Amino acid sequence: MGAADIIKQHLIDPEICIRCNTCEDTCPIDAITHDDRNYVVKADVCNGCNACLSPCPTGAIDNWRTMLKGQAYTIEQQLTWDELPDEVPLPDAAIDAAAAAAQQVIEEASQGSKSAAVQEVETSRHTSPKAPWSAAHPYINLHGVREPVTATVAGNYRLTAEDASSDIHHIVLDFGNHFFPVLEGQAIGIVPPGTDASGKPHYIRMYSVASPRDGERPGYNNLALTVKRVDSDHDGNPVRGVASNFLCDLAKGDTVQVVGPFGSTFLMPNHREASVMMICTGTGSAPMRAMTERMRRNMDHFSGRRLLFFGARNRRELPYFGPLLKLPKDFLDIHFAFSRDADVPRRYVQDAIREAPAQVTALLTDPHGHVYICGLKGMEEGVLAAFADICAAAGQSWQEIETRLRAEGRLHIETY
Ligand code: NAP
């Protein structure tokens with residue numbers, strides 16, 4: 001038996017995982033898959049690059065078992081789990097082989113010839129996202145699925161026009177005397193009541209916090225969510241979203257089971273010179289509202305620029321449309337993009353970005369510039385392509401700028 005027979009098998013804890021798909025989206029080699037029950041890692045594909053670790057909002061991703069290669073848990077086994085199996089001790093012969101392999105790595109490293117495994121970890125490390133240096137320290141995982149906190153609905157009203165096709169709600173949850181601190185950019189999990197078709201409790205659904213850290217109402221222990229009622233799938237077939245319908249139908253005084261908070265990187269900068277570019281579609285506006293409101297309440301502190309690109313089908317579908325227009329232009333430079341508005345040509349956020357090259361280049365090249373992208377998965381590619389073209393036209397390399405932004409925790413993308 002040799003060292004090659006022993007692996008550190010990467011596993012996801014089904015008790016903590018909130019099925020947000022972040023790991024599957026992040027994995028550069030498609031080693032993560034899922035069914036409607038669990039997210040799992042393919043032992044024969046995962047190379048331990050760790051790219052998925054830091055984006056995971058709960059830490060469910062960071063579980064490892066030392067295994068004999070031939071006995072690694074299969075995908076089929078993992079998909080049936082409700083909890084992780086205990087660590088099983090390796091046979092003595094395998095432990096001896098692992099010790100010999102570890103010694104070899106140490107010796108090779110000291111001779112300047114690093115093993116392939118050591119090199120692999122180093123090349124992947126720089127891809128990890130991190131928070132802006134001046135971000136406040138977030139609390140995460142204060143309440144897990146086993147001990148959710150009860151919040152009370154303080155208000156629930158429809159944000160979109162009555163004749164709009166999307167029913168988007170602004171829902172305020174009050175935490176009473178419970179300690180549940182959140183920062184702009186963080187998310188919370190909602191536990192929908194009841195069970196699914198197989199009799200299991202519903203999975204948690206994640207929503208971004210749409211209010212600033214000091215509360216939807218300043219000084220109150222409450223927060224706001226932006227929730228779109230899901231009544232059809234991507235192909236237009238009717239489906240009833242379990243959590244969104246539960247939330248949109250809540251009345252004042254009802255209670256909700258909440259877990260979290262989650263998220264430690266998509267956080268706003270807090271230093272005076274910081275400038276932000278916010279790009280969002282639809283309900284991806286939730287964190288942008290939180291950050292904008294934090295800055296609006298503290299205008300004397302934030303002296304940088306704020307640039308917002310906001311996409312929706314038309315202005316009646318746009319959450320927070322009215323209040324946004326009341327903000328002075330020198331506080332928030334807003335660029336709307338409407339895709340289905342009879343009065344204006346069809347545009348996406350990336351089109352609006354291309355039409356503002358001077359503002360965009362200035363922010364991308366500003367050492368205090370921070371970029372936030374949130375909303376539909378499809379827009380990510382279009383926005384990054386627009387950045388590349390704008391930078392090229394200005395004689396700049398987007399590749400270099402992107403590397404710098406990511407390394408300095410200044411480029412944050414949350415798309416679904
Ligand atoms: P939506 O109304 O379906 O779409 C918003 C706009 O984006 C529309 O104008 C749409 O245009 C446009 N769009 C579609 N494809 C695009 C592309 N490839 N590039 C650029 N724009 C594109 O949006 P939504 O239903 O509100 O979805 C928002 C997303 O944000 C969801 O994926 C949601 O999961 C996510 N999100 C929600 C929260 C939350 O707290 N609720 C937080 C973070 C993220 P057309 O449809 O006319 O093509």
Side-chain angles (χ1 to χ4, degrees), residues 18-22 25 55 57 156 158-161 164-173 182 184-190 204-211 216 223-236 239 241-248 258 260-263 265-267 278-291 308-321 335-342 344-355 372-387 412-416:
I18 53 172
R19 282 81 179 167
C20 62
N21 208 57
T22 306
D25 276 344
N156 179 357
R158 183 174 165 136
L159 287 169
T160 42
S165 61
S166 36
D167 181 11
I168 302 179
H169 284 240
H170 182 72
I171 299 168
V172 180
L173 299 180
V182 291
E184 307 78 11
Q186 283 196 290
I188 65 168
I190 298 292
I204 293 161
R205 307 306 205 276
M206 291 247 283
Y207 293 91
S208 295
V209 174
S211 48
E216 171 67 7
L223 57 77
L225 302 179
T226 314
V227 182
K228 178 174 171 176
R229 188 189 294 277
V230 174
D231 48 19
S232 61
D233 64 16
H234 284 302
D235 302 321
V239 297
V242 172
S244 68
N245 279 280
F246 163 66
L247 287 168
C248 288
V258 176
F262 301 121
T265 57
F266 194 109
L267 301 173
M278 300 172 279
I279 302 157
C280 59
T281 52
T283 52
S285 55
M288 313 312 184
R289 178 184 184 266
M291 289 194 263
L308 172 67
F309 294 94
F310 197 162
R313 292 177 184 177
N314 57 55
R315 56 198 72 222
R316 289 175 304 287
E317 312 269 344
L318 196 61
Y320 310 116
F321 180 71
H335 301 248
F336 292 122
F338 298 120
S339 59
R340 305 186 203 181
D341 189 320
V344 291
R346 178 183 175 84
R347 286 201 319 161
Y348 277 170
V349 276
Q350 50 268 44
D351 301 316
I353 288 171
R354 286 175 192 277
E355 287 165 21
Y372 298 85
I373 303 173
C374 188
L376 294 168
K377 182 85 194 147
M379 75 157 165
E380 188 179 324
E381 196 183 321
V383 167
L384 298 183
F387 283 165
H412 298 279
I413 304 176
E414 252 180 40
T415 53
Y416 302 90

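Predicted model, so just to flag it, every value in this text is computed and none were measured. Both backbone and side-chain heavy atoms feed into the values below; hydrogens, waters and symmetry mates do not. Each ligand, and each atom within it, is numbered from 1 in the order the structure gives.
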Using a 4.0 Å cutoff against the non-hydrogen atoms of Ser208, which atoms of ligand 1 qualify? 40 (O), 42 (C), 43 (C)
Specify the protein heavy atom at minimum distance from atom 34 (O) of ligand 1: its residue, its atom name, and the distance to 0.1 Å. Tyr416 CB, 3.6 Å
Is it true that Asn245 and Arg229 share a donor-acceptor pair across their side chains at a distance under 3.5 Å? yes
Is a side-chain donor or acceptor of Asn156 paired with a backbone partner of Leu247 at a separation under 3.5 angstrom? yes
Numbered atoms of ligand 1 (with element) below 4.0 Å of Gln350, judged on heavy atoms: 19 (N), 20 (C)
Any idea how Tyr372 and His412 line up, ring-wise: parallel (<30°), tilted (30 to 60°), or perpendicular (>60°)? parallel
Quick look: Arg340 vs ligand 1, heavy-atom contacts under 4.0 Å, and the answer is side chain
Look only at interatomic distance and state if Gly311 has a nitrogen or oxygen under 3.5 Å from any nitrogen or oxygen of ligand 1. no
Does any N/O atom on Ala337 come nearer than 3.5 Å to any N/O atom on ligand 1? no
Contacting atoms of ligand 1, where contact means under 4.0 angstrom from a heavy atom of Arg346: 47 (O), 48 (O)
Could you name the option among Thr283, Asp341, Thr415, Asp351 that has the heavy atom nearest to atom 33 (C) of ligand 1? Thr283
Where ligand 1 meets Cys374 - atom numbers and elements under 4.0 angstrom, heavy-atom basis: 43 (C), 44 (C)
Would you say Tyr207 has any N or O atom under 3.5 Å from an N or O of ligand 1, going by distance alone? no
Given Arg205, Met379, Lys228, which has its nearest heavy atom closest to atom 2 (O) of ligand 1? Lys228
Between Asp341 and the options Arg315, Arg316, Arg346, Arg313, the salt bridge (Lys or Arg N to Asp or Glu O under 4.0 Å) test singles out Arg315
Please identify which atoms of ligand 1 are closer than 4.0 Å to at least one heavy atom of Gly375. 29 (C), 30 (O), 32 (O)
